[in-house]
**Q** 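Attaching a single structure in structure tokens format; questions to follow.
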There are 2 protein chains.
Amino acid sequence: MILSNYRSEDKVLLAVDGIIFGFDKEKLKILLVQRDFEPEKGKWSLIGGFLKREENLDQAAIRILHHLTGLNNIYMEQVYSFSKVDRDPAERTISVAYYALIDIASHDRKLLKQNPIQWFNLKDAPELIFDHNRMVERALATLRRRALNKPIGFELLPEKFTMRQLQKLYEAILDTKLDKRNFINKFNSFDILIKLDEKDMSSSKKGAFLFQFDEEKYKRKVEEGFNFKL
Amino acid sequence: MILSNYRSEDKVLLAVDGIIFGFDKEKLKILLVQRDFEPEKGKWSLIGGFLKREENLDQAAIRILHHLTGLNNIYMEQVYSFSKVDRDPAERTISVAYYALIDIASHDRKLLKQNPIQWFNLKDAPELIFDHNRMVERALATLRRRALNKPIGFELLPEKFTMRQLQKLYEAILDTKLDKRNFINKFNSFDILIKLDEKDMSSSKKGAFLFQFDEEKYKRKVEEGFNFKL
DNA sequence: CCAAAAGTGTTGGTGGTACACCCATGA
DNA sequence: TCATGGGTGTACCACCAACACTTTTGG
């Protein structure tokens, strides 16, 4: 900001790339798009686009996601800015990575079908263009940190869910196995769940009770943060 | 990254602003520069400049710091990118914030004197231009998180220091009082300090033993991370 | 001899971890 | 009746938090 003359400074392209995490029963997934222009046409890429002059980065991330997928009202969070000089061979481009969490089942997938867009299991996602693999790694690390410091699940699960689903979500994010009883005890201690009278009969004969998040309390916990040690 | 034509996209100025934290005996300080061009000439600002086409953001942060202060070999870490549309009234500019930690006493201050650059106690720093106050807040939050998850002090203390100094550093960063015995016990459990045979006589009649970081072990702990609860 | 900072351990409580058996039901 | 997943409680241990007195020595 100093000793500068604005006019003489270099301008660059600023991209925004979205790492969209989804969860569907068991596995953590990621939404990718097949690139339809050069360079790297035909290869898989994150959901990306360029910042426009009249919007900020948060708005750009949301706009681009909506434009490519039709997804709406998705909260995205900034992860990191990537700036290796030759990261995009076509043009000097800096990219700001954002990530989002969504519940795959509860978003309309018709819109996705129009585009060369597809969910992949995170573990067997294809090689991505440029430095997008590094972006995914970094976003995943951020997601894990977040899962350990704040409740997670509101954005990634259907409205009603079983304890098992919640546990599987944590296991998928942290890539680990958790003890059923300890998980339940711990999670209940946060006091953000409402136990419903309904059961989900789809996965067992006995049926499993459904839960909902208490949205008020959930949000308060997100503000406060906590320490999830497992 | 998709459905785009690179040529038609908007280009923007990309600034890098450095939040330089220093520590000097008791207080956490911040390095600011008086802006000598319009807009906002004469007001205080972070250590900033613009990204050049042929460097990445990390390099830009280091170059700018060196250029304005003469400081060398300072490790800087990216915090966040700020992009409000009218954040800089002169021109559409996105700014990437970086922060650094340095030991004030052990860096040559002569160079600083040439420039309108000055250390301020963090607590009574002046109002800054643009959104720089928000950047400082965010960097401080990042610094606190880091202090709770990784050892800190190597960059902020002289080579040899007393336990008291180390504790004061943590107190300054976390803005809290800590118990002497608990702090020492906790910190010793990390096993990254070497107790020297020397004493520092400057602050008491009895003298206080000096310590050094065991650089190997310190670095390993930084990799691993830990959970500093106090 | 006294003021001022340094140094040093113990205890109680909280919370994390490990662990195994019974329940309900559809097939 | 049995196979499958659902649901539940306890005991040990580690770590955090609170807390006060003695030592050293320059002035």
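Below, read A as the first sequence line, B as the second, and so on, with proteins coming before strands; counting in each chain starts at 1. What you see is a predicted model, and the numbers here were worked out from it, not measured in a lab.
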**Q** Tell me if the side-chain of R181(B) makes a donor-acceptor pair with the base of dA20(D), cut-off 3.5 Å, by modelled atom types.
**A** yes

**Q** Using whole Å, what does the distance between atom P of nucleotide dA18(D) and atom CG of L178(B) come to?
**A** 11 Å

**Q** In whole angstroms, how far is the C1' atom of dG15(C) from the CZ atom of F190(A)?
**A** 12 Å

**Q** Which value, rounded to the nearest 0.5 Å, describes the distance between L174(A) atom CG and L140(A) atom CG?
**A** 9.5 Å

**Q** Distance check needed: dA6(C) P versus L210(B) CG, whole Å only.
**A** 12 Å

**Q** Verify, without hydrogens or angle tests, whether R146(A) (side chain) and P151(A) (backbone) share a donor-acceptor contact under 3.5 angstrom.
**A** yes

**Q** What are the two closest heavy atoms between I30(B) and V136(B), and how far apart are they?
**A** CD1-CG2, 3.8 Å

**Q** From CG of N185(B) over to C1' of dA17(D), roughly how many Å is that when rounded to an integer?
**A** 11 Å

**Q** To the nearest Å, give me how far apart CZ (F209(B)) and P (dA5(C)) are.
**A** 19 Å

**Q** Polar pairs (N or O, both sides) under 3.5 Å between protein and nucleotides 23-25 of chain D?
**A**
from: dT23(D); atom 1: O2; to: K206(B); atom 2: NZ; distance (Å): 3.1

**Q** Return yes when atom NZ of K150(B) has more than 12 non-hydrogen atoms of other residues, nucleotides or ligands closer than 6.0 Å, and no otherwise.
**A** no

**Q** Among dA6(C), dT8(D), dT10(D), find the nucleotide with the atom closest to the side chain of A208(B).
**A** dA6(C)

**Q** Should the pair F213(A) and Y218(A) be assigned to parallel (<30°), tilted (30 to 60°) or perpendicular (>60°) ring geometry?
**A** perpendicular

**Q** S204(A) side chain: which of dA20(D), dG5(D), dT17(C) is closest?
**A** dG5(D)

**Q** To the nearest Å, give me how far apart CD1 (I184(A)) and P (dC19(C)) are.
**A** 18 Å

**Q** Check N121(A) against K27(A) and note the closest heavy-atom contact, atom names and distance.
**A** OD1-CB, 3.7 Å

**Q** Using a 3.5 Å limit on both pairing distances, list the dot-bracket string of DNA chain D from the 5' end; Watson-Crick and G-U wobble pairs count, crossing pairs take [ ], interstrand pairs take |.
**A** |||||||||||||||||||||||||||

**Q** D175(B) vs K123(B), test: salt bridge (Lys or Arg N to Asp or Glu O under 4.0 Å). Steps then yes/no.
**A** CA-CA 10 Å; D175(B) 193 24; K123(B) 296 210 167 183; 2.8 Å; yes

**Q** Is the NZ or CZ atom of R87(B) both under 6.0 Å from the centre of the six-membered ring of F130(B) and within 45° of that ring's axis?
**A** no

**Q** Show the distances under 3.5 angstrom between N or O atoms of the protein and N or O atoms of nucleotides 12-14 of chain D.
**A**
none

**Q** Of all the heavy-atom pairs spanning L57(B) and Q78(B), show the shortest one and how long it is.
**A** CD1-NE2, 4.1 Å

**Q** Is any side-chain heavy atom of L46(B) closer than 4.5 Å to one of M135(B)?
**A** yes

**Q** Measure from CG on L166(B) to C1' on dA6(C) and round the result to the nearest Å.
**A** 15 Å

**Q** Hey, does the Lys NZ or Arg CZ of K195(A) hover above the aromatic six-ring of F209(A), less than 6.0 Å from the centre and inside 45° of the axis?
**A** yes

**Q** Mind calculating the distance between CG (D179(A)) and P (dT10(D)) to the nearest angstrom?
**A** 16 Å

**Q** Can you see if the side chain of K180(A) gets near the phosphate of dG6(D) - specifically, an N or O under 4.0 Å from OP1 or OP2?
**A** no

**Q** Between the main-chain N or O of R134(A) and the side-chain N or O of D131(A), is there a donor-acceptor pair closer than 3.5 Å?
**A** no

